[in-house]
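One structure below.
The analysis underlying the following values was restricted to heavy atoms, covering all of them including side chains, and did not include hydrogens, waters or symmetry mates.
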Amino acid sequence: MRPVFAPARLRPASPAPSRWFSALALCALLFMSGCTAYSRAVREGDEKTSQRKWMEAEAAYQRALAADPGSSEVTVKLRAMRKGWSQEVYSDAERAHTTGNLPQAQALLVRALELDSENEPARALLTQTLEARVAVAQQALQEERLQEARAEFDAVLSVAPEHPVARKGVDAVQVAWAKRWFKTAQQLEEGGKLGNALLGYLRADQERVGATAARERAEAVRQKLRDEVAYLVVTPPVVDKAESPDVAQRLAGGRLAAMLPKQVPIRVVTEAPESTVGLQLNVVLERVLPLKAVEQSQRTQRYLAGNRSVPNPRRKQFEEKLLQTERTLEEVERKQTGVLREYLRHQAELSTMRQAAERCRERERQVCLEAIQECGKAASELDKPGQVPDECNPAECARGACKQEESLLVQSATAVKTLELGLQVALEKSESQRREVQRGRDAVFREPITVEEPMYSDFVFDVELHRLTVKATVTSVLRDLTAPQAVPAPVTQDYDVTHEDLSHKGYDRYGVLADPVQLRDELELRVEVGDKAMEDLSKKVRERFDIYRQKRVEDARRGMVRPGAEDVVETAVRVLLLTADAPPADILQPLAQARGLQRPESLFGK
């Protein structure tokens, strides 16, 4: 048995060098593919440059730079290509400038400078083009072609934002627009079209603030429109049947005007001309009745009377828990006893099986020894050497007569092992439950048997409830001024204001402090009940006003299909002044867009 060594030429090669060769080949492949893409892009860029296909050449050079960002050769070629492209664009710009197409020449010159910022001829021609466009804009401004002039100035400022002449030209255009709108608004105002005039003044003010007196005229026209659409509330003097001038004063027209919103044109007047939109509010103060009442009642004050000993509820909980754990321990120990008894029974059976198996093995050994002895005797008695007698049969020593005993022994040993594991688990569980019982006993012993708790008692004392109520009965009549023949129904309503306070004596021993009566003065309540009645009346007036202006809003919405028409504008402006607190967007926005208002809220003077 000698070791066999393989020759060196037959040994398998190590896998490490093959991996290195694969990595090097992959890197070389990637490098060659990168070089191939780079060279192909450079060749394509050179070819497109020679063909004067500038956009394709630029794209090719950009791909080459993506493959090799640090290539100075491509950077130089790209710069040279852009210079040539810029020169070609400059030639097109010269032809456009010669033909008088200044916008096209400006766009081409800007592109030429983007391609080559060092193209001085293009820069000089761009300056000439801008000056020419400024001259065109000034000529258009002199001829009142304001839109054309503004477009030219804006085009110049888009390239040269600091151009002084163009900036002055824009200011001049704004002033011209403001004057034109102001003149148009004056003509509309003289023609009685105040709504259109108001929008014209607002547009003039937004075009150039301070160039005209548009803001002052807009305020004056707005006030005229508010006077035209004003909703008048006629309030005759209050009829005081209760002979309470302090309450009747709170129902006067001045108080009503103070409670109505200021954004909308609601005017409170004492007299109104005929055929005026609005209503008449007649108020009659029927009576003012102060009522005083005193009610007797009782209250209870709880106070601390002392302490008393009571069984500790926590100890009871611990005792219940301890009893439960002890019962659980009894159950665990009972199960443990059953497992131990079963283990001992199987252990005894295992000993019996082991003894039976040993006796069976001993019998087989004796039988085998006897068979060997008989074989030896028979062999010594044979005459011919080399022969095997019949008594020498190997089967005599391999009968397997103890197989059943061995099988029973193995089964019994397995059952004993299983019961041993179960017994260990039962012992551990029993020990854990004993520790739990001991903890419960310690917790019970540490907890006191009784504890002190506060003892409360109730002290009953007398209180008096003082109540002061002022009740005012007011009759109101709302009559529509546009329908004087209609007979309105009077509405009589009671308004009351109540204030109440408790009073009782003081008992310092029980923690009850004296509380004297602190009722509000009757005059204060009379004033408050008058304000409450007037607030309700103002709410009714606003409801009538909302119904009126909602009809006007619906009329204006029907004309919004042509928001630029003069008649539609007149109606819409008046409706917007009536709804100044919450103007409808479907009327305000189309109107502002039709007349070019940048800030629609200026219609309300904001």
Q. Under the criterion side chain to side chain donor-acceptor pair (under 3.5 Å), which of R544, R549, Q550 is the partner of D546?
A. R549
Quick check: are there more than 12 heavy atoms from other residues, nucleotides or ligands sitting under 6.0 Å from [atom1] of [X]?
X	atom1	value
R542	CZ	yes
E143	CD	yes
Q147	CD	no
Q424	CD	yes
E271	CD	no
K417	NZ	no
Q249	CD	no
K48	NZ	yes

May I ask you to say whether [X] pairs ionically with [Y], meaning some side-chain N is under 4.0 Å from a carboxylate O?
X	Y	result
E528	K532	no
R217	D205	no
E73	K77	yes
R203	E207	yes
K193	E570	no
E114	R111	yes
R250	D531	yes

Q: Go through the steps to decide whether E436 and R439 satisfy the test salt bridge (charged side-chain N to carboxylate O under 4.0 Å, His left out), and finish with yes or no.
A: CA-CA 5 Å; E436 192 69 24; R439 292 193 190 97; 3.2 Å; yes
(Q) On a heavy-atom basis, which atom in A580 and which in V264 lie closest, and how many Å separate them? (A) N-CG1, 4.1 Å
(Q) For Y231, give me all partners under ring pair (Phe, Tyr, Trp, His ring centres under 6.0 Å), at least two apart in sequence or on another chain. (A) F545, Y548
Under 3.5 Å: donor-acceptor pair, side chain of [X], backbone of [Y]:
X	Y	answer
E189	V221	no
R167	P161	yes
R595	L591	no

Q. Is the NZ or CZ atom of R180 positioned over W177's six-membered ring, under 6.0 angstrom from the centre and within 45° of the axis?
A. yes
(Q) According to side chain to side chain contact (heavy atoms under 4.5 Å, CB included), who are the partners of K551, at least two apart in sequence or on a separate chain? (A) I547
Q | Test side-chain contact (heavy atoms from CB on, under 4.5 Å) applied to L537 and T235, V283, V491, L478, the passing residue | A | V283
Under 3.5 Å, is there a donor-acceptor pair linking the side chains of [X] and [Y]?
X	Y	result
W54	E88	yes
N101	T99	no
D536	Y495	yes

Q. What pairs meet the ring pair (Phe, Tyr, Trp, His ring centres under 6.0 Å) rule with one or both residues in residues 130-176, with sequence neighbours excluded?
A. none
